[in-house]
J.: 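This is the structure, below, for whatever I ask next.
All chains are named by letter (A, B, ...) in the order of the sequence lines, taking the proteins before the strands, and each is independently numbered beginning at 1.
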Amino acid sequence: MAFLTLERVSKEFGTFTAVRDVNLTIDKGEFVSLLGPSGCGKTTTLQMIAGLVEPTQGRISLDGHDITHEKPNRRGLGVVFQSYALFPHMTVAQNVAFGLEMRRVPQAERTERVREALSLVQLSSFADRYPRQLSGGQRQRVAIARALVIAPPVLLLDEPLSNLDAKLREEMQFELRRIQRKVGTTTIMVTHDQAEALSISDRVVVMEDGRMTQVDAPYRLYEQPSNTFISSFVGKTNLLAGTWRRSGAEIGGVLLEASAPEIAAGTPVTLSIRPEKLLLRDAGAGRLDGRVASRFFLGSQWLFTVETSLGTMTVTIPNQGEEPPAEGSPVSLDWSPANLRVIADTAAAA
Amino acid sequence: MQKNGPVALIFHVLVLTFVLAPLVIICLVAFTPENTLSLPTTGLSLRWFEAVFAHPDFMASFWNSIWLATFSATLAVAFAVPAGLAISRYTFPGRDFLNALFLSPLIIPHLVLGVAFLRLFALIGATGSFAWLVATHTIIVTPYVLRLVLAALSGLDRSAEQAARTLGAGEWTTFRRITAPMILPGITGGWLLAFINSFDELTMSIFVTSPATVTLPVRMYMYATESIDPMMAAVSALMIAITAAAMLVLDRAFGLDRILVGQR
């Protein structure tokens, strides 16, 4: 059931088009991420939904109502800003209560709802602190509590975890997902971190240059990227340029078996294979011979770069407790043809 | 921070001494028991302070200056805050002109302003009115408030305002509840600086005050041209005390270097 809809939404700043022709339908209760490199228009899209930026063209509707030109204070959406945007002159409780105060919620109910919101983000004992007395992660949770306490139909998160250190970021990912599951609020999160987008979203919207280029569940996005940009932006991959033949791709005079039903023979294509889908075999035993150029031990896995006749390939293998081939040793790469992703080279994908 | 070498250190000490010595001496002279401007060598006395407080003209001028500084600093805030918001947030035709216009009293010599206002007041028949005196002081102190308000606004995280908007606050409520409290240090600092500048202003005031609205600096100037006695030193010491107290409040509350240098 379409809850929030963006129809052909565009935004131009002077001659620069930040967002073009975005069509997106989000269901109630969904957690959707807008993923892309900086400057791809994801934050502008979020701000248009929040009402902080007015679209140049297009229509945004929420629960059947057109909200394209509605003021932000009439939309009632919860927004968590990248800088958290807490009110420095108010305590945590006053920050969280602000939205309720604006809605003229009676004092007793206000106190109760603030208490609930703070306990949801596990900050009950910090109600009387000021934002400057809190750590980054705590501020972030105050910002979430403040956005959620007004029971918004949609929660908008703008790079909510980017100001946190790596360990805290990981914890907060789980925390965000836990809170979202518990409250069930439709959530849209903007991020440039593909790992973050993959781990907590129901669906990921990839944006490039103001355009939406793929909308998919995280797993499908990872396994079936629609272009070479996505395949290398979302996770790591090995890309091989070649030409499509009937039963596979011809790359550097070698025919690699793969399947891609909709591509005509002779079309230029790019093959994408993930480092973890490549297997290391003894020399001569696999599909492509090579030599170990370098190897890095990452704890849970090994990262190899292997020189082959088709170029340098990156391979990761799980740490099985045995030492793998040393640098300089001849090896062979093997893979299952089903794991070769064939991407037709189009103007958009180039 | 870099450490000063011995030469630089001596230089700084000399500069500070040169600047502070007259102030220290005038304050010491204020406590003299003698009838002439002299250092209190025979003992300390408060007789010249008593003389000031007993002098009706000086007391009238003192209160006149206090009210003048209060009104003009407050009016300057009333102009500078909306002007600062407009200049820092919107692009509109004449924006740079407006900014330059508000800051121009800093550049124009007060002597020139004084003569110009004198002529203007004579033309419109406003000579001698306290309200017009307030107007002239408001004009010369507004730049101080505007600069501090602009500095405060440029350092403001606008997403806090956006957050307030998304939480249901209208534009006016957002200003009242979020923006104003966040730039309050700039506003208060600007008000105090404006107050001090109005309270100290002499050059322009000589031209635009009337016998009924003589300010304290003008009264001192008039008095000093006729006779010099230690009462002048006592008045000076009082003025220094008031200004220093205001600066101290400013520094304690917001940090002087932050306000004057514009660091946040």
J.: Which answer fits B:R158, side chain, backbone, both or neither, if we ask what part of it has an atom under 4.5 Å from a heavy atom of chain A?
T.: neither
J.: Between B:I178 and A:F98, is any pair of side-chain heavy atoms under 4.5 Å apart?
T.: yes
J.: Quick one: what part of B:T174 sits under 4.5 Å from any heavy atom of chain A, side chain, backbone, both or neither?
T.: neither
J.: Is chain B contacted by the side chain of A:L77, its backbone, both, or neither, given a heavy-atom distance below 4.5 Å?
T.: backbone
J.: So does A:R8 have more than 12 non-hydrogen atoms from other groups sitting under 6.0 Å from CZ?
T.: no
J.: Please classify the contact between A:E101 and chain B as side chain, backbone, both or neither, with a heavy-atom cut-off of under 4.5 Å.
T.: side chain
J.: Is a donor on one side and an acceptor on the other found under 3.5 Å between the side chain of A:H89 and the backbone of B:L184?
T.: no
J.: Do A:M102 and B:T173 come close enough that some side-chain heavy atom pair is under 4.5 Å?
T.: yes
J.: Take a 6.0 Å sphere around CZ of B:F49 and say whether it holds more than 12 heavy atoms from other residues, nucleotides or ligands.
T.: yes
J.: Would you name the heavy atoms of B:D157 and A:S83 that are closest together and state the gap between them?
T.: OD2-OG, 3.2 Å
J.: Roughly how far, to the nearest 0.5 Å, is the CE atom of A:M90 from the CZ atom of B:R177?
T.: 4.5 Å
J.: Please indicate whether B:F92 has more than 12 foreign heavy atoms, meaning atoms of other residues, nucleotides or ligands, lying under 6.0 Å from its CZ.
T.: yes
J.: For residues 45-58 of chain A, which side-chain N or O atoms pair as donor and acceptor with protein atoms under 3.5 Å away, sequence neighbours left out?
T.:
| residue | atom | partner | partner atom | Å |
| --- | --- | --- | --- | --- |
| A:T45 | OG1 | A:G41 | O | 2.7 |
| A:E54 | OE2 | A:H69 | ND1 | 2.7 |
| A:T56 | OG1 | A:E12 | N | 2.7 |

J.: Heavy-atom cut-off 4.5 Å, strictly under: side chain, backbone, both or neither for A:R75 against chain B?
T.: neither
J.: Can you tell me if CZ on B:R176 sees more than 12 non-hydrogen neighbours from other groups inside 6.0 Å?
T.: yes
J.: State, yes or no, whether a side-chain contact exists between B:M182 and A:F87 at a heavy-atom distance under 4.5 Å.
T.: no
J.: Quick one: does A:R146's side chain have a donor or acceptor within less than 3.5 Å of a partner on B:L167's backbone?
T.: no
J.: Can you establish whether the number of heavy atoms outside A:F13 located under 6.0 Å from its atom CZ is more than 12?
T.: yes
J.: Tell me, yes or no, whether the heavy-atom count around B:R252 atom CZ, taken from other residues, nucleotides or ligands under 6.0 Å, exceeds 12.
T.: no
